[in-house]
Amino acid sequence: MSTNLSEQETLRREALQNIRNLGINPYPAEAFAVTTTAQDILQNYKLHPDKYQQVQIAGRIMSRRIMGSASFAELQDSTGRVQVYIKRDDISPGEDKTLYNTVFKKLLDIGDFLGIKGFVFTTQTGEISVHMQEMTILSKSLKPLPVVKRDEDGHIYDSFTDPEMRYRQRYVDLTVNPEFKEIFINRSKVVKTMRSYFDSKGWIEVETPILQSVHGGAAARPFKTHHNALDVPLFLRIANELYLKKLIVAGFDGVYEFGKMFRNEGMDRTHNPEFTGLEIYVAYQDYIWMMGMVEECLEQVALAIHGKTKIQVGQQEIEFAGPYEKLSMYDSIQKFTGIDVSEMDEEALRETCKNLQIEVDASMGKGKLIDEIFSEKVEAQLIQPTYITDYPIEMTPLAKKHRTKEGLVERFELFVNGKEIANAYSELNDPIDQRERFEEQLLLASRGDEEAMVVDEDFLRSLEYGMPPTAGLGIGIDRLVMLMTNQSTIQEVLFFPQMRPEKKANISSTEDFLKIGVPAEWVPVIQKMGFNTVDELQKATPNKVFNDLGGMRKKLKLDIVIPPKETVMQWFL
RNA sequence: GAUUCCGUAGCUCAGCCGGUAGAGCAUAACACUUUUAAUGUUGGGGUCCUGGGUUCGAAUCCCAGCGGGAUCACCA
């Protein structure tokens, strides 16, 4: 047994062995038939007490209150917690009280999974509880869970709050802070609601490649990888737009995909290197039609989660029922800055940025400059859902030119609570125009714009065969979930947000220590003394190590013989 | 990347002007037949993030590093 375990972990391993010694399998293979849940009991027992005279429930022990020959424990399952009442003479009816006195009181711990057979009743203090008649150990827990206590008023004590630990060990987080499970349940509802809405329209869910040889469809730095068999570089997709449009060319009327996108860029509370995007394309429609579709869809999502369309997000109340306000990009800048940028050329825009104290650089084209003004002065002000429409052509190479307004494209972005959550176009289906737009992107790239889009020849070829007029939409699912669940960081809506890898302590194996002559029973002691590697040990002073061995022996109350000094000296040769 | 705060027991946290570490919960032992943040009594448990420096003496002061949080920048 390693001395690197904490005292509590060692005790639990000993308890595990003692359970085995009693002939009980702490990890049984048999299924345990669950007939009810904590939530079901708490909600329905009073209405139909007769139905709860024989129940089987399973979950984790989350607290124990032992009082002589009777005890209470809280059992937590996926739906919540219910109290269990255990009476010694009920579970150990004969002379042998081992099951209660030893197994329940000594060998079980907080975190263990238990299957319980019993009947539901109400205690003198009025708490609905399960009176245990039989108990099955389903799984022994070897690491102590942080214990979070709650009083009658719901105040939380000693809560497990360290964000690093919560994200790295989400299984612990959701076990001891089960209220966070609600976010993920709602996340699932968001996707489910959207999916069934799309399906009801007859559009089909598809899957397109994640490994792509050309990372098209958006402007971002990709993750690069390599395919050995083909010996070619591949990229994790930054978008799936071009593939979905190829499927419209192929003859589908509506296609959509929920999928992970990967962008090799910064991480913060609204960005994770992998995130979930929804993209949907519908043939013979345009961006005006798409606005109505988005309103209908989001209204259903809000209803599914909150049962109403007006929801609280931070300090704001946001109304998701349409129609949403529509504002052209130029009008929105005029509205919030009083400046009309619609007629300005690049030089005038640059001057305007300077006056507004917005930083610019030489690589920025006209579209980019307007975007800077917009994101600096307008974006944060758009609290209620607002469509910003009709973007400058320069910043949108995949959208169709505006039907009436020169220099603009048919595009909208939906802003809610000051953040963009959707982006849509009347998709560009003119192959010649599309090629020219890509060429302009190449020009921007040569000016140093790292976000300029790359050309996808296969996509251009597909357009040359002919794509029907199409409306397309992308929604950042993580950000939508943040809105719908009132969370301010993306990490809270991802089960496993990206983290810096945990640093692994460099530890020599027991064999390595044996090789230099350390007796087996002393290896754990050496490790306890802080020498994780042979190297570290050999860097220490031999005399001091020898002296410390005696000290550790005394401290750990070990009944083993100290190696002779000559032996210890051999370790350092 | 910049600024700033933080890192002490399994968990949450104290620890002042530098003198080799404390509390609550958890855990161990005993008591207790309806408690509920159960209770009472008694114990055990620490690489004070790591490495340097100042000092007779560092959890504490200084420097560097690592990890994390917040804000900002970048990134639709």
Side-chain angles (χ1 to χ4, degrees), chain A residues 4-12 14-15 62-74 81 83-90 100 105-106 109-111 121-127 129 131 142-168 172 176-177 218-221 238-239 261 263-273 275 277 359 367-368 371-372 374-375 379 388 391 395-396 411 413 415 419-423 450-451 474 476 479 488-489 491 499-503 505 527-532 555 557:
Chain A
N4 289 330
L5 295 175
S6 71
E7 184 191 26
Q8 290 188 46
E9 287 174 296
T10 308
L11 284 164
R12 286 188 179 213
E14 282 167 8
M62 293 307 283
S63 75
R64 286 189 303 167
R65 295 182 282 278
I66 295 171
M67 310 146 66
S69 57
S71 296
F72 293 90
E74 279 180 293
R81 290 186 185 188
Q83 178 169 270
V84 178
Y85 174 63
I86 305 102
K87 204 168 161 184
R88 182 186 63 199
D89 298 338
D90 282 358
Y100 181 78
K105 277 169 66 172
K106 307 281 184 198
D109 290 291
I110 287 173
F121 74 112
T122 308
T123 65
Q124 282 178 8
T125 48
E127 174 137 356
S129 308
H131 189 123
L142 296 182
K143 282 180 99 62
L145 287 168
V147 175
V148 177
K149 295 227 167 197
R150 289 168 177 76
D151 67 16
E152 282 176 10
D153 305 325
H155 295 121
I156 295 176
Y157 300 84
D158 298 333
S159 61
F160 178 68
T161 53
D162 180 354
E164 180 179 6
M165 302 262 269
R166 286 187 50 233
Y167 302 153
R168 283 196 200 279
V172 174
V176 303
N177 301 320
R221 276 156 54 199
I238 57 173
M261 308 298 159
R263 296 188 183 178
N264 206 342
E265 288 164 348
M267 290 162 57
D268 60 27
R269 65 192 190 293
T270 53
H271 296 85
N272 195 63
F275 62 97
E359 279 188 41
K368 188 88 181 157
D371 189 41
E372 285 295 319
F374 176 79
S375 42
E379 208 172 311
I388 298 297
Y391 285 63
M395 51 201 282
T396 317
R411 171 185 186 182
E413 289 188 312
F415 288 84
K419 296 186 184 69
E420 179 218 330
I421 66 156
N423 182 20
E450 287 181 15
E451 297 164 26
R479 292 186 188 176
S488 56
T489 72
Q491 285 79 13
M499 305 281 284
R500 196 179 293 274
E502 281 181 85
K503 59 167 187 248
Q527 287 167 340
K528 185 79 181 174
M529 282 162 68
F531 301 115
N532 286 322
K555 189 177 173 194
K557 300 189 185 93

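Treat the numbers as computed from the prediction; the structure is a model and nothing was measured. By convention in this document, chain letters (A, B, ...) are assigned in the order of the sequence lines, proteins followed by strands, and residues within each chain are numbered from 1.
Interface remark: the A:Asp162 side chain does not form any donor-acceptor pair with the B:C11 base, using a distance-only criterion of under 3.5 Å. Side-chain atoms of A:Ser159 stay outside donor-acceptor range of the base of B:U12, with no qualifying N/O pair under 3.5 Å. A donor-acceptor contact under 3.5 Å links the side chain of A:Glu7 to the base of B:G44.
Between A:Arg65 and B:A38 there is a side-chain polar atom (N or O) within less than 4.0 angstrom of OP1 or OP2.
Here A:Gln83 lies in heavy-atom contact (under 4.0 Å) with a base. Note on A:Arg263: nothing from the nucleic acid sits closer than 4.0 angstrom, heavy atoms only. At a threshold of 4.0 angstrom between heavy atoms, the contacts of A:Asn423 include nucleobase atoms, whether or not backbone atoms are also involved. Using a 4.0 Å heavy-atom distance criterion, A:Ser63 is classed as making no nucleic acid contact. Nucleic acid contact for A:Met267: none, since no nucleic acid atom lies under 4.0 Å from a heavy atom of the residue.
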Produce the list of close N/O pairs, under 3.5 Å, pairing protein atoms with atoms of nucleotides 30-33 of chain B; give distances to one decimal.
from  : atom 1 : to       : atom 2 : distance (Å)
B:C30 : OP2    : A:Lys106 : NZ     : 2.6
B:C32 : N3     : A:Ile66  : O      : 3.4
B:C32 : N3     : A:Gly68  : N      : 3.2
B:C32 : N4     : A:Gly68  : N      : 3.3

Nucleotide N/O of nucleotides 2-7 of chain B paired with protein N/O under 3.5 Å:
none

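Across every strand in view, B:A58 sits unpaired, with no contact that passes the Watson-Crick or G-U test at under 3.5 angstrom. Nucleotide B:U41 has B:A29 as its partner under the Watson-Crick or G-U criteria, with both atom distances under 3.5 Å. B:C48 is unpaired under the criterion used here, namely a Watson-Crick or G-U wobble arrangement in which both key atom distances are under 3.5 Å. Searching all strands for a Watson-Crick or G-U wobble partner of B:U71 with both distances below 3.5 Å returns B:A2.
Listed by chain and residue number, nothing satisfies the side-chain hydrogen bond (donor to acceptor under 3.5 Å, both in side chains) test with A:Lys149 (two or more places apart in sequence, or in another chain).
Spacing of C1' atoms, B:A14 relative to B:G22, comes out at 7 Å, to the nearest Å.
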